[in-house]
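Everything below concerns the one structure shown next.
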Amino acid sequence: MKAPRSTLLWTALLLIGLGLAHTTWRHLVHQVPLLPGSQVQYWDIEARVELQASGDSVQVRLAVPESQPGFLMQSEHTASPGYGVDFIENGLRRVEWSIREAEGLQWLYYRTQFQVDDQQLLAAVDQPPAIQEQLWEDPIETAAAQLLRRSWQESAEGFSLAQALTQRLSDDSNENAGLLLSELTPEEALVRLLNEAEVPARVLHGLRLEDGRRNQRLQPLVQVFQDQEWRLYDPVNALEAPGQKYLLWQQASGPVLEVMGARDSQVNFSMLSTREPASGGVHALAAGDALLNLSIHSLPITEQAVFRTLMLLPVGALVVVLLRVFIGLKTSGTFMPVLIALAFLEMSLLPGVITFLMIVAAGLVIRQLLAYLNLLLVARVGAVIVCVIGLIALMSVVSFHAGISTGMQVTLFPMIILAWTIERMSILWEEEGAKEVFVQGAGSLLTAIIAFLAMDQNWMRYWLFNFPGLQLVVMALILIAGSYTGYRFVELWRFQPLVKEQEKEDQKDAG
């Protein structure tokens with residue numbers, strides 16, 4: 001028994017009402033702005049310490065950051081069930097976990113939030129480190145002197161000297177730099193050269209801030225001092241580390257992680273950028289509001305970064321429904337274009353489209369060759385999957401050696417979906433011909449592009465992540481679109497010649 005159409009409409013209206021009510025509640029109670037822009041930018045950073053305990057007492061110390069130029073710390077907390085927690089403030093700021101007995105794999109979490117503040121002028125240290133006298137070995141002394149002499153001529157003070165040295169050290173064609181780096185790491189070489197020029201500098205560790213990044217490691221940065229100011233330099237990438245691109249994790253020299261009573265320890269970092277009002281709406285209430293703690297914002301940063309992308313999937317599904325129900329666009333698979341659009345989000349549109357076309361075209365050729373072996377369906381699809389993985393690996397290697405960074409992200413494509421798409425297109429080619437394959441392939445690609453354009457909007461990302469209730473509104477729109485039973489646009493275009501003939505016949509009869 002089918003439900004009346006009014007039931008569907010009332011259900012859709014109820015979903016829209018609940019979604020808008022939740023959005024209004026988030027805006028009024030938690031002060032989440034309705035529109036992105038004119039807010040303060042925050043960086044939520046999470047450090048996850050992983051270790052293997054053997055049943056004895058465990059003590060873990062992790063260096064933690066504090067406010068610094070360009071960044072103002074808003075909050076910090078830990079998540080470590082069963083462990084005692086203490087913050088140590090004696091030069092090198094650390095958090096210490098301890099437990100009497102622990103066994104097996106252990107995870108300890110430290111989470112902090114920084115507000116981006118260009119006017120933040122707090123000094124990270126009281127005074128610069130002492131300049132060390134440098135004693136060079138004979139083979140590299142000449143190379144160091146030549147590097148320093150040429151860089152000195154191209155600089156005016158300590159910061160410009162550090163920039164000139166960094167560029168030379170990262171130049172693979174520079175023989176003096178190559179000789180120096182055969183004995184020293186880039187950061188050690190930069191610090192020693194600056195000390196030789198009477199410029200205070202030291203090696204610390206920091207994070208390159210990239211929205212949505214997971215499982216990142218700290219990288220060595222060189223902190224260079226000039227008068228009452230300091231700047232960070234990345235000796236590996238030959239770039240000055242701008243204040244809003246790098247966060248200094250250490251404010252003093254020392255170990256980042258110390259573990260006693262366990263083995264196989266490591267620390268990984270995840271980060272997420274958000275924009276909130278200066279009053280700190282969501283994050284300030286996250287600790288005290290039990291209902292909000294059931295939201296995405298209370299999850300670890302790693303999971304938040306995943307959901308930030310997953311929350312866009314309903315928009316892609318809505319685009320597919322609209323194009324298929326109202327336009328009548330044919331696709332190879334119902335929601336395959338949405339998964340392809342997700343890969344486009346990571347790779348950007350043009351490289352993603354080119355990669356998709358190359359993989360599908362090569363896969364179709366390989367599939368036709370496999371047809372001569374008379375394999376069963378399961379074995380044939382399995383062989384196509386292996387070939388698709390090989391194609392993706394080959395494209396990644398070629399892109400890496402060609403210096404095309406976006407090409408290495410080809411692994412983001414859903415390989416199983418691609419394999420099934422190639423199989424479906426091959427069967428369609430045999431049954432319906434090349435024209436139908438082109439129609440469905442072009443329809444899938446066009447749908448994926450439109451879904452990408454819809455999901456890639458900044459305001460769309462902001463709304464769906466910060467106002468989860470809007471998912472109910474999207475669902476209501478899908479229900480309403482799914483109840484449409486009229487003609488599709490493609491059908492109207494296809495039947496247009498018949499309409500014209502009928503109009504001519506009507507005119508003849510009238511005459």
Side-chain angles (χ1 to χ4, degrees), residues 63 65-71 90-93 120-208 218-256:
E66 57 184 301
S67 296
Q68 53 193 272
F71 297 95
N90 58 351
L92 178 60
R93 190 167 181 270
Q120 177 64 17
L121 301 177
L122 292 178
V125 293
D126 295 330
Q127 57 184 2
I131 296 176
Q132 303 292 329
E133 182 180 356
Q134 301 302 313
L135 298 176
W136 303 93
E137 295 182 2
D138 194 29
I140 63 174
E141 182 177 6
T142 303
Q146 291 183 2
L147 283 173
L148 191 57
R149 183 174 63 253
R150 293 188 178 182
S151 299
W152 182 272
Q153 295 173 351
E154 299 174 359
S155 62
E157 29 72 39
F159 293 147
S160 57
L161 176 61
Q163 183 68 28
L165 286 171
T166 301
Q167 292 176 349
R168 281 190 164 80
L169 288 174
S170 62
D171 186 0
D172 295 335
S173 62
N174 193 308
E175 296 181 357
N176 292 320
L179 180 59
L180 194 62
L181 295 179
S182 65
E183 301 290 336
L184 302 171
T185 62
E187 58 273 11
E188 291 174 343
L190 181 57
V191 170
R192 292 191 63 177
L193 288 169
L194 289 171
N195 280 189
E196 182 74 17
E198 301 294 328
V199 176
R202 63 181 172 187
V203 178
L204 297 178
H205 288 83
L207 283 172
R208 180 177 178 86
L218 293 176
Q219 65 181 89
L221 299 171
V222 175
Q223 187 183 37
V224 181
F225 295 82
Q226 177 75 35
D227 299 328
Q228 300 300 316
E229 184 183 359
W230 59 261
R231 296 181 188 176
L232 296 176
Y233 291 84
D234 183 352
V236 176
N237 297 319
L239 296 172
E240 178 186 347
Q244 295 188 19
K245 292 290 184 66
Y246 286 79
L247 177 74
L248 193 60
W249 194 259
Q250 293 175 291
Q251 270 72 27
S253 299
V256 175

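Sequence positions, counted from 1, serve as the residue numbers for this chain. What you are looking at is a predicted structure, and each value in this text was computed from that prediction instead of being measured.
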Expected output: side-chain E154 to main-chain A164 donor-acceptor under 3.5 Å: no
Return all side-chain donor-acceptor pairs below 3.5 angstrom for residues 140-152, not counting sequence neighbours, or 'none' if the list is empty.
unit_1	atom_1	unit_2	atom_2	d
Q146	OE1	N176	ND2	2.8
S151	OG	L147	O	2.9
S151	OG	R168	NH1	3.4

Closest contact, heavy atoms only, A189 versus L180: CB-CD2, 3.9 Å
Heavy-atom pair with the smallest gap, counting every atom of Q132 and N195: N-OD1, 3.4 Å
Reference residue V222; test side-chain contact (heavy atoms from CB on, under 4.5 Å); the match among T166, L165, L190: L190
Heavy-atom side-chain proximity of W230 to L248 below 4.5 angstrom: yes
Closest contact, heavy atoms only, W249 versus A63: NE1-O, 2.5 Å
Salt bridge (charged side-chain N to carboxylate O under 4.0 Å, His left out) contacts touching residues 187-201 (sequence neighbours left out): none
Results of side chain to side chain contact (heavy atoms under 4.5 Å, CB included) for E157 - residues two or more places apart only: F159, S160, Q226
Contact summary for G254 and L92, nearest pair of heavy atoms: CA-CD2, 3.9 Å
Closest heavy-atom pair and its distance - G158, V224: O-CG1, 4.2 Å
Approximate separation, where rounding is to 0.5 Å, of D234 CG and L221 CG: 6.0 Å
Q167 side, atom CD; Y233 side, atom OH - distance, nearest 0.5 Å: 10.0 Å
Sole residue of E66, R93, R202, H205 in side-chain hydrogen bond (donor to acceptor under 3.5 Å, both in side chains) with Q250: H205
Residue pair P220 / P235: nearest heavy atoms and the distance that separates them: O-CD, 3.9 Å
